[in-house]
Amino acid sequence: MLDRYREYKQLNLSEIGTEILQKWGETHAFEQSITLRDGAPAFVFYEGPPSANGMPGIHHVISRTLKDLVCRYKTMQGFQVNRKGGWDTHGLPVELGVEKELGITKEDIGKKISVADYNKKCKEVVMRYKDKWDDITQKMGYWVDLDNPYITFTNDYIETLWWCLSELYKKGLLYESVSIQPYSPAAGTGLSSHELNQPGTYKDVKDTSATVLFKLQDKDKIGLQEIKSDVFLMAWTTTPWTLPSNLGLSVGAHIDYVLVKTYNPYTFELQYVVLAKSLLHAYFKEEVQNSDFENYQPGDKLIPWQMIKQFKGNELEGLRYEQLLPTEASSIEEIHKITPGADPFKIVVADFVTTQDGTGIVHTAPAFGADDFKAGKKNNLGILTLVDKEGKFIDGMGEWSGRYVKDYKDDPHYTDVNIDICVQLKKEGRAFKVEKYEHNYPHCWRTDKPIIYYPLDAWFIKTTAAKERMIELNNTINWKPASTGTGRFGNWLENMVDWNLSRSRFWGTPLPIWRTEDGSEEICIGSVAALNEEIKKAAIALGGDTNKNYLHDGILDLHKPYVDDIILVSKQGKPMKRVADLIDVWFDSGAMPYAQWHYPFENKDSFKNAFPADFIAEGVDQTRGWFYTLHVLATLLFDSVAYKTVVSNGLVLDKNGNKMSKRLGNVVDPFETIEKYGPDATRWYLVTNASPWDSLKFNVEGIKEAQRKFFGTLYNTYQFFVLYANVDGFTCKESYIPIEERPELDQWILSSLNSLVKEVTDNFDKYEPTQAGRAMETFVDEQLSNWYVRLCRRRFWKGEYAHDKISAYQTLYECLETLSKTMAPIAPFFADWLFNNLNDVTAKSPLSSVHHTHFPTPIAEAINTGLEKRMKLAQDASSLILSLRKKVNIKVRQPLQKVFIPALDKEMAENIRMIEEIIKTETNIKEVEILDADNDFIRKKAKANFKTLGKKLGSRMKWAAEKISLFNNAEIEEVQKGGYILNNDEIAAGAEPILLNEEDLDIITDEIPGFEIATNGSLTIALDITLSHQLLMEGAAREFVNRVQNIRKDKDFELTDHIRVEILENDGIQNFIIEFKDYICGEILADSLEFVPHLSNGTSIEVNNNSLTINVTKNSKHGN
RNA sequence: AGAUCCGUAGCUCAGCCUGGUUAGAGCACUACACUGAUAAUGUAGGGGUCCCCAGUUCAAAUCUGGGCGGGUCUACCA
């Protein structure tokens, strides 16, 4: 315990950061913050695991500040908040990094480097920056358990994932199916969406596009019997190589289609074609509509056309057409071999069809597009994959067989098969338009070759089975901001598709499914124990070397390649091998509520007590990532939400609003920022500058501002407090003076303080930390520092250490201490520093950290809104008086006699009376005269109250406002008495009378003849600026005091030093010194003040343009 | 393409839900003042097509519709 409060030379937030951090380490403050809450209700928080294979950036600081402040707040509210850290360690980014580092590609894995060595490397790399992460975590003040984190690559973690998968499997929610995925024929591998989002993968390319004609077979069904020529359906494609695989045509149910009579531009034959009405202009020229068909000559540029009939899309549904490019490989027999019972070559209705471009009829090849696949499945179109995995046409396609659909091999003799296809179609009269078309198309980032969409086997979780339930549960989640939950997330749920889990990679959680070669039998393993048992079973059943390396200790590493070594045995006694897939890393993180506890194998209670989470927070980019996968797994496995509240924070942009990226070189190094400005100012800025979900334009100037404006002011207030508290020995040992026994100013600041506590609590509870922080800023700046302290300064350094002074100390102490608590969640270091600086002297709290204390609760009895309103009035009045002084150039030090304040009503008069003392001292005025409402001194003016009158008057509002603005005092008084009729002159003509009430007017002071006035709303100030001789003398005395104080300061006297003052005699201007001698001596702590005829070493000072020579010396005889 | 957030002073943001009179704050800039809190503070000044258009209304920054611009996410399609 200290006997003096610590005093500082200047504020150094960075130093406070390091100092407090060290203290936290020594006292295990974080651990204590949890153990101290043993037995308290839990507040459950989940840490979204970052990946430690990259450096932390400033955007990590924002989301972690958010998480931390909520956890700290809840801890202070009495909850026990366990915070288990975690690391996301699997996945593609890790693998890509390793490949780059080793200079290999995916194909080399298993060849140039063994899978075991490759995965070993991945494991090394994945924690590469863990130290940096731990470091930033500490330095930014993020309290999270770094000693026992969950790590997704551990066996325990994976085992839980297997358990989850097997549960899903048991429920029939895990299935294998073909899906259409981006695939690179050049690289021979499927690509993840992540890979597709690498910079530069989407390129503008020119492809041969074709508008082709499908011959309608049953035109009779839509009443076209009388048309003798063929009727064609027009469809457009940018990938003609998919046309042989066409199995359907998709139309939009509500799109208007038209039948058009025209000539084919290539064969010049008369044709009837069908396309969307709104796309006519893309194919036909307006000026030749209905023009002369008879005189058309083959080769004419302008081709006549005529609209014959119109249909809705759904009228076309089910119509059949002839296969466009029949080949051996695509005969109906072949189709039935692949998909028995398929019913292709018909028109189907699909919702993805638009009239943006093309013809409004979409060529549908189920193998080569996700939408096509969906439409094919829904309508039983079958599937034809006439292209192999190398990207060339398969056998049985005549001259096209063996030809690559794109130039994948950089073959100098490559000829584009797409063009050949178009040529053939032109010849057959099945092409309507062939042209180069420039569009944006994805490319394989590794080979730079265009990708195709291709059907691949994949494992899925049947999320669609629980769609309704997931939507229902989502409605119970508190989303911040709400729009993300209903919009981005809700929408996503509405359009949910099954979750494709498969990844053909190496470093990840293996799918624990083994199956026989013919696929007839399979097993899904749900635990290591089960696997080991199966290993042994298979070894016995299959004999030989089966699983020989895994018989003793079982399996030791659940990754590839070890799991792939293992062969299990089926019920029928057949060997089973593991399916090749790894699972999506998002499954890893989505299962963290269970896997972090190794549930259900261990820690069943820990899990039960920590599920679901009360709160999680991550960047908005996780909405369809982590937020989604948590939600899916909780719903499917436990029919529960995974989290009750989720805050999605926005992005951190650079100060110009650009996304931060290494490429642009605009990334902000969080280490440097925290080092330079301290963690608190950084956190404060991030929290208060913009709501968490708004994107933040990061600008260090903002941090500097927080530093100066908020922390600087609070620090000054603290310094002020300790300056005097140390002098007077205030240590809170006196008994607490009841609030009602304190001066009004104290009551006021305590009322404001408690209002603040209430506001801050409300906002923290609503997960609105920005509002909470801003409220604290306003309080510290406007109320505590610039009003309370300013007005109370004298109370601290003048007078006896008695009731009034102690009251002031107790009040200011309470403000500072309470603030240290309310700000603790956002600025944990400074708050603890402040708290301990106070508490180390007073020992009011037995706790060693502010973070262990309880968050203040607002004391309702301390809140006096009337008082707060009055004080606002005092502030406004003082501000007006100061502005008037400024206007007439009379400094505050010069006392003035009187100010007039007109009161518009009794209440206002009463309020002014109650604050007149404050106004007087604050503005150095002797008298406040309140002018009653009915005085005839001031001239009043009225303004219409638009709110009340607008409703009554409607369109006559303008007229009334005009009239009211011309009212004189008498008319206004009439209105106030009641019964004033605005349209007296119209009554005779039979108009309804318009009756004005007092509430219909806003009364303001117009002017006070003969005075300088200033107004602000309904408040008016009139200042008497007459300077009497007496006032001038007093002003001079104050001026003199000021000069002496400056001398004291220059001479480095202590505050408490008493002095002697000698003044060189100077006739004429010394009167004020004689007259105000007592006042002056009291102010400057002078034991003597004497005029002397001679002064050898005096200082020259100036008082109101007169020179005086004085000598100030310390009076050593006077004890302190 | 869909969803979502944002657009108010040179910059960062309030206000918008619940329409009302002269649209605010801080920073920056300029001038003046203050000076036992002083690398603090006060007062004043300049600075605005409240992104645009239309509608509703006596009245729109605020409500409705349609655009535009920027960010993000998802999708990528003939």
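Throughout, a chain's letter reflects where its sequence line sits, starting with A, and its residues are numbered from 1.
- Nucleic acid contact class of Glu705(A) (heavy atoms, under 4.0 Å, all strands): sugar-phosphate only.
- Of the candidates C13(B), G26(B), G20(B), the closest approach to any side-chain atom of Asn689(A) belongs to C13(B).
- Ionic pairing of Arg774(A) and Glu777(A) is not present here: no N-O contact between side-chain nitrogen and carboxylate oxygen is shorter than 4.0 angstrom.
- Note on Tyr718(A): nothing from the nucleic acid sits closer than 4.0 angstrom, heavy atoms only.
- Atom NZ of Lys963(A) has more than 12 neighbouring heavy atoms from other residues, nucleotides or ligands inside a 6.0 Å radius.
- Looking at heavy-atom distances under 4.0 Å, Asn1042(A) makes contact with sugar-phosphate atoms alone, never a base.
- Counting non-hydrogen atoms under 4.0 angstrom, Asn716(A) reaches a base of the nucleic acid.
- The separation of A59(B) from C63(B), taken at their C1' atoms, amounts to 13 Å, rounded to a whole angstrom.
- Looking at heavy-atom distances under 4.0 Å, Tyr724(A) makes contact with sugar-phosphate atoms alone, never a base.
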For this session: List the steps and the verdict of ring pair (Phe, Tyr, Trp, His ring centres under 6.0 Å) for Phe796(A) and Phe721(A).
Result: CA-CA 8 Å; Phe796(A) 289 90; Phe721(A) 169 78; 7.3 Å; no

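- Residue Ser785(A) is classed as a base contact, given a heavy-atom separation below 4.0 Å to a base.
- With A39(B), A37(B), G26(B) as the candidates, the nucleotide lying closest to the side chain of Gln10(A) is A39(B).
- Within 4.0 Å (heavy atoms only), Lys704(A) reaches no atom of the nucleic acid at all.
- Distances shorter than 4.0 Å separate some side-chain N or O of Asn786(A) from OP1 or OP2 on G42(B).
- Comment: Lys958(A) does not engage Glu962(A) in a salt bridge, judged by the lack of any side-chain N to carboxylate O separation of less than 4.0 angstrom.
- As judged by a 4.0 angstrom heavy-atom cut-off over every strand, Gly702(A) is placed among residues making no nucleic acid contact.
- Nucleic acid contact class of Ala960(A) (heavy atoms, under 4.0 Å, all strands): none.
- Between U41(B) and Arg790(A), no contact under 4.0 Å exists linking OP1 or OP2 to a side-chain N or O.
- As rounded to the nearest Å, A31(B) and G20(B) have P atoms that lie 38 Å from one another.
- Taking atom C1' on both nucleotides, C73(B) is separated from U41(B) by 47 Å, rounded to a whole Å.
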Exercise. Leu812(A) and Leu784(A): side chain to side chain contact (heavy atoms under 4.5 Å, CB included), yes or no, with the steps?
Worked result: CA-CA 9 Å; Leu812(A) 186 52; Leu784(A) 186 61; 3.9 Å; yes

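- In this structure, Lys374(A) places its NZ atom where only 12 or fewer heavy-atom neighbours from other residues, nucleotides or ligands lie under 6.0 Å away.
- The side chain of Phe946(A) approaches U21(B) more closely than any other nucleotide in the set U21(B), A37(B), A14(B).
- Between G7(B) and G46(B), the distance separating the two P atoms is 27 Å to the nearest Å.
- The separation of C52(B) from G45(B), taken at their C1' atoms, amounts to 32 Å, rounded to a whole angstrom.
- The side chain of Arg708(A) contributes an N or O atom lying less than 4.0 Å from OP1 or OP2 of A28(B).
- Rounded to whole Å, the separation between the C1' atoms of G26(B) and U21(B) comes to 26 Å.
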